[in-house]
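Have a look at the structure below before the remarks.
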2 protein chains.
Amino acid sequence: MTGMGKKVDRRVLRSKEALKQALLRLMEQKDFDAISITEIVEKANYNRGTFYTHYENKEALLGDIMEDLIQDLMQSFRAPYEHQDIFRIDELTANSVQIFEHIYANAAVYAILLKSKVILSLKERMFQAIKQITMEELVYENTDNNINPELSAVYAIHALLGLIFHWIEGGFKYPPSYMQEQLILMINWRPREARTNHKRK
Amino acid sequence: MTGMGKKVDRRVLRSKEALKQALLRLMEQKDFDAISITEIVEKANYNRGTFYTHYENKEALLGDIMEDLIQDLMQSFRAPYEHQDIFRIDELTANSVQIFEHIYANAAVYAILLKSKVILSLKERMFQAIKQITMEELVYENTDNNINPELSAVYAIHALLGLIFHWIEGGFKYPPSYMQEQLILMINWRPREARTNHKRK
DNA sequence: TTAGTTAGTAGACAGATGTTGAATAACCAT
DNA sequence: ATGGTTATTCAACATCTGTCTACTAACTAA
């Protein structure tokens with residue numbers, strides 16, 4: 001699944017990589033919005049036209065950077081299951097905590113992306129990636145209740161990602177182990193009395 | 001809290017409103033990125049300089065539009081509690097379903113915003129607004145467990161918002177009542193066996 | 001109604017953007 | 001190594017951007 005594309009011209013690989021690195025380095029110094037395309041190509045030592053043959057705009061270039069991160073993340077997410085054919089939903093929640101370790105390992109890059117509002121697109125992209133995995137490869141056993149499987153996945157994944165990005169935005173205030181522990185606690189938590197009707201005073 | 005600002009020059013109100021409407025109308029026809037500031041002011045019949053006296057860029061104008069929506073949303077969110085001084089956490093979840101009704105009522109505007117990736121900022125802004133309410137005015141009773149209150153709020157709110165925006169993106173495939181029902185079901189759901197240790201085969 | 005304040009207009013400016021065409025250079029497959 | 005393909009360069013172009021100035025019009029408070 002990783003090497004499925006046809007061979008790419010080496011010039012393209014070089015150009016794109018140089019542009020990505022140039023943007024990342026610039027983003028360490030100034031805000032994404034304040035960076036011009038002209039600035040990027042000058043830092044990367046390429047012609048401005050070259051940029052436009054590969055990307056429509058700054059955002060597309062940044063999207064490419066994020067895609068690299070996503071691939072890395074997904075690999076670590078799938079890793080525990082690579083020997084098995086399928087996921088089991090009750091193992092998913094317990095193992096999704098592995099994501100915290102991955103994020104923590106790549107903390108530097110995430111910190112850079114955080115400075116712009118780009119991080120929102122990254123979150124969305126992560127959601128799509130994780131959802132695809134869970135919906136395609138997961139086995140849903142709890143067919144006894146009438147919970148919509150897709151909505152359930154949306155609910156759980158957004159909760160998880162919300163937790164992760166809150167953790168990133170807070171500058172990794174807690175260690176990964178604490179975040180994992182809290183996630184497990186909240187998954188197992190439910191309101192003191194389950195109510196379908198609610199009576200106001 | 002609503003009328004706390006000082007009186008604003010009527011010209012400002014007119015200009016800003018005209019610019020907002022112009023942008024919204026343009027966004028019905030073409031993508032946000034493809035709309036130029038020049039285009040906006042021409043549609044609104046104002047000088048380009050006028051735009052820059054009020055907004056830094058397109059995004060700021062759009063942010064203003066979203067802020068109006070947020071105010072509306074928060075009002076509907078607080079409405080059930082306006083007689084009480086405080087929220088109770090177990091009532092929050094049951095009553096947050098009111099949001100679905102609000103979204104459904106403003107479906108047209110949300111559909112327009114959906115076409116750009118602007119909707120991500122809106123989601124983030126909604127999160128901040130709801131979190132502020134829940135953290136400031138909510139009473140946390142469950143101090144017997146060791147769940148971090150802030151993380152718990154982050155978890156629950158992102159799950160809720162994830163559900164809402166999935167609903168929007170899907171073109172309101174289900175009625176509000178169904179979404180509310182599903183939300184309640186998922187809040188009360190927990191894994192078949194609560195485990196702190198997990199043993200792999 | 002008037003005086004003081006502020007918003008809006010018009011024009012000009014350097015720089016950035018997005019697109020194009022023609023020439024050159026680097027690459028890939030054979 | 002050669003030929004066909006494609007990336008890259010360079011220059012030029014109209015347009016948009018962001019900022020500024022001086023002038024005019026509209027608003028607010030008294």
What nucleotide, of [options], holds the atom closest to the side chain of [X]?
X	options	value
B/H54	C/dA7, C/dT17, D/dC16	C/dA7
A/T50	D/dG18, C/dT17, D/dT9	D/dT9
A/N47	C/dT17, D/dT9, C/dA10	D/dT9

Roughly, in whole Å, what's the span from [atom1] in [X] to [atom2] in [N]?
X	N	atom1	atom2	value
B/E56	D/dG18	CD	P	9 Å
A/K43	C/dA16	NZ	P	16 Å
A/K58	C/dG18	NZ	C1'	14 Å
B/F51	C/dA10	CZ	P	18 Å
B/Y55	D/dT17	OH	C1'	18 Å
B/I37	C/dA16	CD1	C1'	13 Å
B/D33	C/dT17	CG	P	14 Å
A/K16	D/dA7	NZ	C1'	12 Å

Give a yes or no answer on whether the side chain of B/Q182 reaches the backbone of A/N148 with a donor-acceptor pair at less than 3.5 Å.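 Present.
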Between [N] and [X], is there an OP1 or OP2 to side-chain N/O distance shorter than 4.0 Å?
X	N	answer
A/Y52	C/dG18	yes
B/R11	C/dT6	no
A/T38	C/dG15	no

Here's one to test your reading of the geometry: is the NZ or CZ of B/K115 within 45 degrees of the ring axis of B/F32 and under 6.0 Å from its centre?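 No, a cation-pi geometry is absent between B/K115 and B/F32.
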On DNA chain C, does the nearest nucleotide to B/R48 precede the nearest nucleotide to B/V12 from the 5' side, or the other way round? Give the residue.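 Nearest nucleotide further toward 5': that of B/V12.
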Mind telling me whether A/W167 and A/Y104 have parallel, tilted or perpendicular rings, with 30° and 60° as the class edges?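 Judged by the thresholds at 30° and 60°, the geometry between A/Y104 and A/W167 is parallel.
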Please name the residue in the list B/I65, B/I40, B/D64 that meets the side chain to side chain contact (heavy atoms under 4.5 Å, CB included) test with B/L19. B/I40
Between B/E39 and B/R10, name the one whose nearest nucleotide on DNA chain D is closer to the 5' end.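 Of the two residues, B/E39 wins.
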Close side-chain approach of B/Y52 and B/N57, heavy atoms under 4.5 Å: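 They are not in side-chain contact.
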